[in-house]
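Below: the structure, in structure tokens.
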There are 2 protein chains.
Amino acid sequence: MQVVALKSSPFSPIHQAPDEQARPAPFAGEPMGVRMHFDRDEEIFGEDEPAQYVYRVLSGAVRTTRMLSDGRRQIVEFHVPGDVFGLDGETRHALGAEAVGDTVLQVVRRSAFMSGGIDGGDTAVQALLKKFHRAQAHMLLLGRHTACERVAAFLLDFQNRSAGSTVDLPMSRQDIADYLGLTIETVSRTFTQLQAADLIDLESCRRVILRNVAALQRICE
Amino acid sequence: MQVVALKSSPFSPIHQAPDEQARPAPFAGEPMGVRMHFDRDEEIFGEDEPAQYVYRVLSGAVRTTRMLSDGRRQIVEFHVPGDVFGLDGETRHALGAEAVGDTVLQVVRRSAFMSGGIDGGDTAVQALLKKFHRAQAHMLLLGRHTACERVAAFLLDFQNRSAGSTVDLPMSRQDIADYLGLTIETVSRTFTQLQAADLIDLESCRRVILRNVAALQRICE
DNA sequence: CGCCCTATTGATCAGCCTCAATGAGAGTGG
DNA sequence: CCACTCTCATTGAGGCTGATCAATAGGGCG
């Protein structure tokens, strides 16, 4: 239901009410744009929809995806707090975007972002350069890495984007599989193998402790 | 030897002499920047080198690559006449770039490109958006497509970038394999299969005639 | 406590890779 | 002009990684 409202206008009151003052702004200054909340698996925008807005994650996580008609899905990127997304495509979104878990976003008009960026974030060109850079690394991963290398790189990437040796994964195994171009079974098996080799510890299926970061890095080369 | 000269200064006379007036500018107006020639397999810039210049292909073709220490290579993109490249990375190149065949480039300083683009080409943001879009499509290809789908998509892509049903491939099978995340043998076998199915005709190994575009598109979904 | 959804584990299979040999084409030198 | 060579492409045989199909286990929530 929120999705429908979003498509017509993300500035609809229904979206800002829940947590407008519930969480403090995670960056200095008065934020521009509007804050919006999304539930788990709720669509933020769909493929081919007009690209009117640019988003910045305040809390939670977002996946941007591309689907094939037969159901195969590629997750292009996970976006965590601080990340900007919605820049795919020039006038229409080339990707779909969904909330991975409960997520709060900051929304600005695309035109405003292009001229000034988002408070506390990058300018349009900086943001695009970073995304392009990450996209290149992801291509290398998908094109030329083994399952084990992909999972190790994924864990190290998430560790860098959080902090410490404990990694809390906001997404399901299916999401990880669709991000790494693998099946859920292969991802699960690889986690188990890494645990057996004492490289990681699975405290729960969403909480991973990196026991041997150097060895994980060696796997990725 | 030209490479060495390039690294110190692409405005060295050695680079512009050969074809400064040999080929007319393929777009209206006096081109900005300097024209440079590269031989087959000659390096244009290497990974991690300072990113001082932005390039536009005038003739020939360029591949941008990422290497792993064990020799595995991913070709991120092929650039044909009209394409801009060299925007990878913010201050240093994240990719290497090499000429696929004899190639003529137009070179401008990065700062000049960022403020004004290249004559007859896109602005910085437009160019980045297009590249990001293509990168997404390539990720889907690498992550979720079969060998047959990858080769079909590759041929259709090159047909769109040239014209007519005859596709002249400037690159070797090894280049195609490294672009599609396959081996040279699998690429070759797939070409043979497509020919056996009357979808393509291999006039020579570099010249492909698309006999059934609709069927090729159906393969890619 | 029981249900449902997700994750894990097992067994088998297929697609692609690897290794190896042959074939075709371009360039070189006699 | 032709033989030679070198490189690249094609084809074949067999193995391995990861996919598929199937069953079990765990975990959150009513």
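Chain naming here is simple, since letters A, B, ... match the order of the sequence lines and numbering starts at 1 in each.
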* Minimum side-chain heavy-atom gap R206(A)-S172(A) below 4.5 Å -> yes
* To do: Would you indicate whether the side-chain heavy atoms of M171(B) and I176(B) approach each other to under 4.5 Å?
  => yes
* Rounded to whole angstroms, how far apart are NE2 on H145(A) and C1' on dT17(D)? -> 16 Å
* Asked: Looking at F191(B), does the NZ or CZ of R173(B) lie under 6.0 angstrom from its six-membered ring centre and within 45 degrees of the ring axis?
  -> yes
* Asked: Just wondering, do C148(A) and L194(A) contact through their side chains at under 4.5 Å, heavy atoms?
  -> yes
* Side chain to side chain, H145(A) and L68(B), heavy atoms closer than 4.5 Å -> yes
* Structure fact -> Sorted by chain and residue number, the salt bridge (Lys or Arg N to Asp or Glu O under 4.0 Å) partners of R134(A) (sequence neighbours excluded) come out as E77(A), D157(A)
* Can you label the angle between the Y179(A) ring and the H138(A) ring as parallel, tilted or perpendicular, going by 30° and 60°? => tilted
* With a 4.5 Å heavy-atom cut-off, do D178(A) and Q74(A) have their side chains touching? -> no
* Taking the side chain as every heavy atom from C-beta outward, state whether D39(A) and D102(A) have any pair of such atoms under 4.5 Å apart. => yes
* Residues that E203(B) engages under salt bridge (Lys or Arg N to Asp or Glu O under 4.0 Å), provided they are two or more places apart -> R207(B)
Please list, one pair per line, the donor and acceptor atoms closer than 3.5 Å that link side chains of residues 210-221 of chain A to other protein atoms, with sequence neighbours excluded.
unit_1, atom_1, unit_2, atom_2, d
R211(A), NH2, D201(A), OD2, 3.2
N212(A), OD1, A215(A), N, 3.0
E221(A), OE1, R72(B), NH2, 3.0

* Set of ring-ring contact (aromatic ring centres under 6.0 Å, His included) partners for F158(B), sequence neighbours left out -> F154(B)
* Structure fact -> With B for base contact, S for sugar-phosphate-only contact and - for none (protein heavy atoms under 4.0 Å), nucleotides 23-30 of chain D reads --------
* To do: Scan residues 69-77 of chain B against DNA chain C and write down, sorted by residue number, each residue with any heavy atom closer than 4.0 Å; if none is found, say none.
  => none
* Between dT9(C) (P) and F191(A) (CZ): distance, integer Å -> 12 Å
* **Close residues, residues 173-189 of chain A, relative to DNA chain D [heavy-atom separation under 4.0 Å]** => G181(A), L182(A), T183(A), E185(A), T186(A), R189(A)
* Check the distance between dT7(D)'s P and M171(B)'s CE and give it to me in whole angstrom. => 22 Å
* To do: To the nearest Å, give me how far apart CG (L169(A)) and C1' (dT6(C)) are.
  => 14 Å
* Asked: Do the non-hydrogen side-chain atoms of L105(A) and L58(A) ever get within less than 4.5 Å of each other?
  -> no
* **Helix axis bend for the helix from dC1(C)-dG30(D) to dG30(C)-dC1(D) - C1'-based end axes, five pairs, 10° rounding** => 30°
* **Any side-chain heavy-atom pair of V151(A) and L180(A) under 4.5 Å** => yes
* **DNA chain D contacts among residues 200-208 of chain B, heavy-atom distance under 4.0 Å** => C205(B)
* Considering the options I44(A), T65(A), V62(A), which one meets the side-chain contact (heavy atoms from CB on, under 4.5 Å) requirement together with E98(A)? -> T65(A)
* Gap separating the CD atom of Q174(A) from the OG atom of S188(A), nearest 0.5 angstrom -> 11.5 Å
Quick one: which protein N/O atoms are closer than 3.5 Å to N/O atoms of nucleotides 22-24 of chain C? Pair and distance per line, please.
none

* If each of R144(A) and S172(A) is mapped to the nucleotide of DNA chain C with the nearest heavy atom, which maps nearer the 5' terminus, i.e. the 5' end? -> S172(A)
* To do: Could you pull out all residues at least two apart from D175(A) that satisfy salt bridge (Lys or Arg N to Asp or Glu O under 4.0 Å)?
  => R63(A), R73(A)
* Asked: Who pairs with F85(A) by ring-ring contact (aromatic ring centres under 6.0 Å, His included), at least two apart in sequence or on another chain?
  -> Y55(A), H79(A)
